[in-house]
Structures are given as C-alpha cells and as structure tokens.
Asker: 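Sharing a structure with you now.
Keep in mind that this is a model prediction, so the values were computed, not measured.
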Amino acid sequence: MSSNSLHTAHQRSFEKNRFVYPVLSRRSAGMSLGVNLNPDKVCNFDCIYCQVDRTSTSETRFVEMDRLLDELDSMLDLILSGHIYETPAFQSVPRHLRRLNDIAFSGDGEPTTFRNFDEIVLKCAQMKQQHTAGTDPVKLVLITNASMFHRKHIQLGLDVMDQHQGEIWAKLDAGTADYYDLIERTSISFQQVLDNILLAARKRPLVIQSLFMKVHGNAPGHDEIEAYCRQLNHITEQGGAISRVQIYTIARRPAESFVTPLADESVDGIVNQVIRETGLMTEGYYGYEI
C-alpha cells in the first residue's frame with residue numbers, strides 16, 4: 001500500500017478495536033489516533049459528503065469507557081514503540097511520518113454529542129500524559145461541527161483540552177445559510193454554528209476546517225466563497241482567534257453519488273482567495289482523481 005493510498009484508508013477499527021483506530025493523517029503529517037465517541041453512527045448533521053454508512057446498524061451502540069481507555073492504552077504503546085510499523089497496514093509509512101501527532105476525537109458522528117464528553121477528554125488527557133512524559137508533545141484534537149459549544153459540559157471539556165496541547169478543528173463549510181442548508185442538512189441553524197465558533201475562538205485559537213466540493217457538478221461560486229471569507233473576518237473582528245484555515249475537498253468517495261471533489265486548481269483558487277481576503281494562514285488539501 002502506497003503512502004497516498006494510506007491517506008484514503010481511514011479504517012474505523014484496528015484489529016478488534018471498537019473505539020480507537022490509527023490513521024495516517026494528511027493534515028497532521030503523521031499518525032493520529034482516532035477516538036470514536038459515536039459508535040451508534042448517530043449525528044446531529046447529515047452532511048452530503050459524509051462517508052459513514054448510516055443505512056447499516058453498528059454492532060456497538062454505546063461507548064464502553066473502560067474498553068475505550070484500554071484500547072487507547074494499547075494503541076499508544078503500539079505506536080510509540082514503533083511496532084505498528086511492522087503491521088501490514090502501516091509498514092510502508094515513510095520514516096518522516098512515523099510520529100504520533102495527536103489523539104483525535106472524531107469518528108462516526110459529532111463527538112460533542114457524547115453526554116460524558118468532559119469526562120472522557122480528561123481521562124484521555126491523563127493517559128496521554130502517562131505515555132508521553134519526556135517525549136515530543138502529542139496534541140489532543142477535537143474534530144467538530146461546533147454545534148454544541150454553548151453547552152457547559154462541552155466548555156469544560158474544551159478547557160481540559162486547553163491544558164493538554166489541545167487543538168479544536170471547527171467545521172465551517174459555507175458562507176451563507178442557503179449553502180449551509182444544502183451541505184449540512186441539519187435543523188441546527190447556521191447562525192448557531194457561527195455564534196459557537198466565535199464563543200470558542202474568543203477563548204483560544206481555532207483551526208477552521210472547510211470542505212468544498214462539486215454538488216451535481218457545480219462548485220461553490222465566487223460569491224459564496226466571498227461570503228465565507230466575510231464570516232472568517234467577522235470572527236476575527238469580533239475578538240475570535242483563528243490559527244489557520246484548512247481548505248480541502250472530497251478525499252474518499254461519499255455515500256451521495258452527486259458529490260464529487262474539486263479539481264486541484266479549484267482548491268488552490270479558494271486558498272488564494274481566502275489568503276487575499278482574510279490574511280489568515282490557509283492550507284489546501286486535494287481530493288481523489290475522477
């Protein structure tokens with residue numbers, strides 16, 4: 001398996017794990033340990049680009065915290081010892097990527113809908129400390145749609161992340177409410193997401209992750225990207241901090257056949273427009289060829 005194909009093989013399990021899975025992450029430039037807090041596949045968004053198959057029932061319906069922590073313990077040992085690179089799935093990982101970058105709360109749904117979010121973040125942070133004392137810092141990453149930041153126990157979890165090399169990757173895939181409704185298919189309003197991003201960004205810098213794509217063959221128009229840039233500028237003008245913006249497109253085939261990736265030059269065009277109109281550090285990530 002080439003390093004390029006490893007980027008697209010985001011398996012939701014490793015051997016017999018139910019909750020913790022290793023990934024070679026193109027955005028982390030190294031290994032990431034995913035922590036799936038939504039094994040039931042329930043999500044409060046129904047994004048048209050999602051790769052999770054929600055038509056089938058998962059064997060695991062609830063987070064078993066003790067098992068999750070046991071799996072994390074074992075996977076930290078496996079990666080930090082280097083033994084993972086002796087397994088068929090990861091033996092071709094280039095040497096410069098053989099590093100553990102982060103433990104990422106993500107998975108098959110929105111991780112902040114997990115009712116014990118603050119507790120599991122704290123326990124994972126403590127385990128990370130036990131394994132990585134004296135080594136290069138390993139981040140805690142939250143990959144989120146930012147829909148739940150207004151809730152107290154989520155804010156407590158974010159505070160724990162702040163104390164443990166935490167990084168929040170907040171999803172913003174639109175500049176207008178109409179385009180947001182087309183992409184995200186949720187009852188949660190666009191304004192709620194914008195308000196939550198500003199709320200969190202006023203306390204710590206956020207990474208904004210934005211996926212743009214073709215829908216029925218149509219890429220987002222120039223006006224939509226302009227509106228998106230205005231939203232980013234509004235966040236910073238109102239006292240929010242954005243450390244960087246990630247512009248990416250479809251990397252693995254989604255469930256909806258009418259969703260396809262942008263061409264590389266289209267991704268570059270959006271990146272350049274965001275840099276020009278916001279001045280923010282912006283990175284682009286390409287999709288698969290069609």
Side-chain angles (χ1 to χ4, degrees), residues 27 32 34-38 40-47 49-50 52 63 102-125 128 139-177 179-181 183-211 227-248 278 280-281:
R27 283 177 288 164
S32 175
V35 177
N36 186 7
L37 299 182
N38 305 95
D40 56 5
K41 301 184 181 182
V42 173
C43 189
N44 57 2
F45 277 30
D46 182 23
C47 302
Y49 58 77
C50 187
V52 177
V63 173
D102 59 72
I103 297 169
F105 300 98
S106 55
D108 292 334
E110 170 50 40
T112 60
T113 59
F114 179 54
R115 64 181 181 177
N116 299 107
F117 177 78
D118 52 339
E119 180 183 358
I120 194 63
V121 169
L122 178 59
K123 288 183 181 295
C124 289
K128 175 179 79 81
K139 297 178 184 177
L140 287 181
V141 173
L142 172 63
I143 302 175
T144 175
N145 61 27
S147 63
M148 308 289 281
F149 288 172
H150 58 289
R151 297 197 173 183
K152 183 63 177 177
H153 74 288
I154 303 303
Q155 293 177 19
L156 291 173
L158 300 186
D159 290 344
V160 172
M161 292 187 64
D162 292 341
Q163 299 162 20
H164 294 274
Q165 295 83 42
E167 197 168 81
I168 300 168
W169 294 7
K171 188 161 95 92
L172 182 63
D173 298 331
T176 64
Y179 196 72
Y180 166 89
D181 290 340
I183 302 301
E184 317 296 15
R185 298 190 300 198
T186 177
S187 61
I188 297 167
S189 73
F190 185 44
Q191 192 59 53
Q192 180 68 70
V193 170
L194 293 171
D195 290 346
N196 278 356
I197 289 175
L198 178 57
L199 176 69
R202 280 175 167 164
K203 193 161 187 181
R204 84 279 291 163
L206 303 188
V207 176
I208 298 296
Q209 51 161 0
S210 303
L211 192 150
Y228 166 80
C229 291
R230 286 196 297 272
Q231 300 294 358
L232 296 177
N233 284 331
H234 178 76
I235 292 167
T236 56
E237 289 164 0
Q238 295 300 310
I242 297 174
S243 60
R244 66 186 185 278
V245 178
Q246 297 175 337
I247 303 295
Y248 60 117
T278 72
L280 294 168
M281 180 192 299

Asker: If every non-hydrogen atom of Gly157 is compared with every non-hydrogen atom of Asp118, which pair is closest and at what distance?
Answerer: N-CB, 3.7 Å
Asker: Does Gln231 use its side chain to pair, donor to acceptor, with the backbone of Gly175 at less than 3.5 Å?
Answerer: yes
Asker: Mind checking the OG1-CD spacing from Thr278 to Glu237? Nearest 0.5 Å is all I need.
Answerer: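 Answer rounded to 0.5 Å: 10.5 Å.
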Asker: When you compare the side chain of Val160 with that of Glu119, does any pair of heavy atoms fall below 4.5 Å?
Answerer: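 A side-chain contact is absent here, since even the closest heavy-atom pair is not under 4.5 Å.
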Asker: Locate the shortest heavy-atom distance separating Cys47 from Glu184; write the atom from each residue and the value.
Answerer: SG-OE1, 3.0 Å
Asker: Would you say that more than 12 heavy atoms from the other residues, nucleotides or ligands in this model lie under 6.0 Å from the CZ of Arg151, or not?
Answerer: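 No.
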Asker: With a 3.5 Å cut-off and sequence neighbours excluded, list the donor-acceptor pairs that the side chains of residues 195-202 form with protein atoms.
Answerer:
| from | atom 1 | to | atom 2 | distance (Å) |
| --- | --- | --- | --- | --- |
| Asp195 | OD1 | Gln191 | NE2 | 2.8 |
| Asn196 | OD1 | Gln192 | NE2 | 3.0 |
| Asn196 | ND2 | Ala146 | O | 2.9 |
| Asn196 | ND2 | Ser147 | O | 3.2 |
| Asn196 | ND2 | His150 | ND1 | 3.2 |
| Arg202 | NE | Gln238 | O | 2.9 |
| Arg202 | NH2 | Gln238 | O | 3.0 |

Asker: So, do Tyr228 and Val245 sit near enough that their side-chain heavy atoms are less than 4.5 Å apart?
Answerer: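 A side-chain contact under 4.5 Å exists here.
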Asker: If you look at every heavy atom in Ala170 and Leu206, which pair is closest and at what distance?
Answerer: CB-CD1, 4.2 Å
Asker: Picking from Ile208, Asn145, Thr144, Leu211, what satisfies side chain to side chain contact (heavy atoms under 4.5 Å, CB included) with Lys171?
Answerer: Asn145
Asker: Write down the atom of Trp169, the atom of Glu167, and the distance for their closest heavy-atom approach.
Answerer: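 Taking Trp169 first and Glu167 second, the nearest heavy atoms are NE1-OE1, 2.8 Å.
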Asker: Is any side-chain heavy atom of Leu156 closer than 4.5 Å to one of Phe117?
Answerer: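 Side-chain contact under 4.5 Å: no.
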Asker: Between Lys203 and Gln155, do the side chains contain a donor N or O and an acceptor N or O under 3.5 Å apart?
Answerer: no
Asker: Could you walk me through whether Leu232 and Ile242 pass the side-chain contact (heavy atoms from CB on, under 4.5 Å) check?
Answerer: CA-CA 8 Å; Leu232 296 177; Ile242 297 174; 4.0 Å; yes
Asker: Applying side-chain contact (heavy atoms from CB on, under 4.5 Å), run through Ile183 and Phe45 and close with a yes or a no.
Answerer: CA-CA 10 Å; Ile183 302 301; Phe45 277 30; over 6 Å; no
Asker: Mind checking the SG-CG spacing from Cys50 to Asp108? Nearest 0.5 Å is all I need.
Answerer: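 Between Cys50 SG and Asp108 CG, I get 8.0 Å after rounding to 0.5 Å.
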Asker: Kindly give the heavy-atom pair with the smallest separation between Asn36 and Gly107, and that separation in Å.
Answerer: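 In terms of heavy atoms, the two residues are closest at OD1-CA, 3.4 Å.
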Asker: Does Ile247 offer a backbone N or O that forms a donor-acceptor pair with the side chain of Ser210 under 3.5 Å?
Answerer: no
Asker: Assess whether a salt bridge exists between Asp102 and Lys128, defined as any Lys/Arg side-chain N lying under 4.0 Å from an Asp/Glu carboxylate O.
Answerer: no
Asker: Out of Tyr179, Tyr180, Tyr49, which one pairs with Asp173 under the side chain to side chain donor-acceptor pair (under 3.5 Å) rule?
Answerer: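 Output: one option passes, namely Tyr49.
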Asker: Which heavy atom of Cys43 sits nearest a heavy atom of Gly109, and at what distance?
Answerer: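 Shortest heavy-atom contact: CB-CA, 3.8 Å.
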Asker: Determine whether Leu172 and Leu194 satisfy the following criterion, side-chain contact (heavy atoms from CB on, under 4.5 Å), listing intermediate values before the conclusion.
Answerer: CA-CA 8 Å; Leu172 182 63; Leu194 293 171; 3.9 Å; yes
Asker: What's the spacing between Asp181 CG and Phe190 CZ if we round to 0.5 Å?
Answerer: 9.0 Å
Asker: Using side-chain contact (heavy atoms from CB on, under 4.5 Å), reason through Cys124 and Ile120 one step at a time and then give a plain yes or no.
Answerer: CA-CA 6 Å; Cys124 289; Ile120 194 63; 4.1 Å; yes
Asker: Taking Asn44's backbone N and O only, do any of them form a donor-acceptor pair with Thr186's side chain (distance below 3.5 Å, no angle check)?
Answerer: yes
Asker: Can you tell me how far the CD1 atom of Ile143 sits from the CD atom of Glu110, to the nearest 0.5 Å?
Answerer: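 Answer for the CD1-CD pair, Ile143 versus Glu110, is 10.5 Å.
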Asker: For Val121, run the side chain to side chain contact (heavy atoms under 4.5 Å, CB included) check against His164, His153, Met161 and tell me which one passes.
Answerer: Met161
Asker: For the side chain of Asn38 and the backbone of Asp40, is there at least one donor-acceptor N/O pair under 3.5 Å apart?
Answerer: no
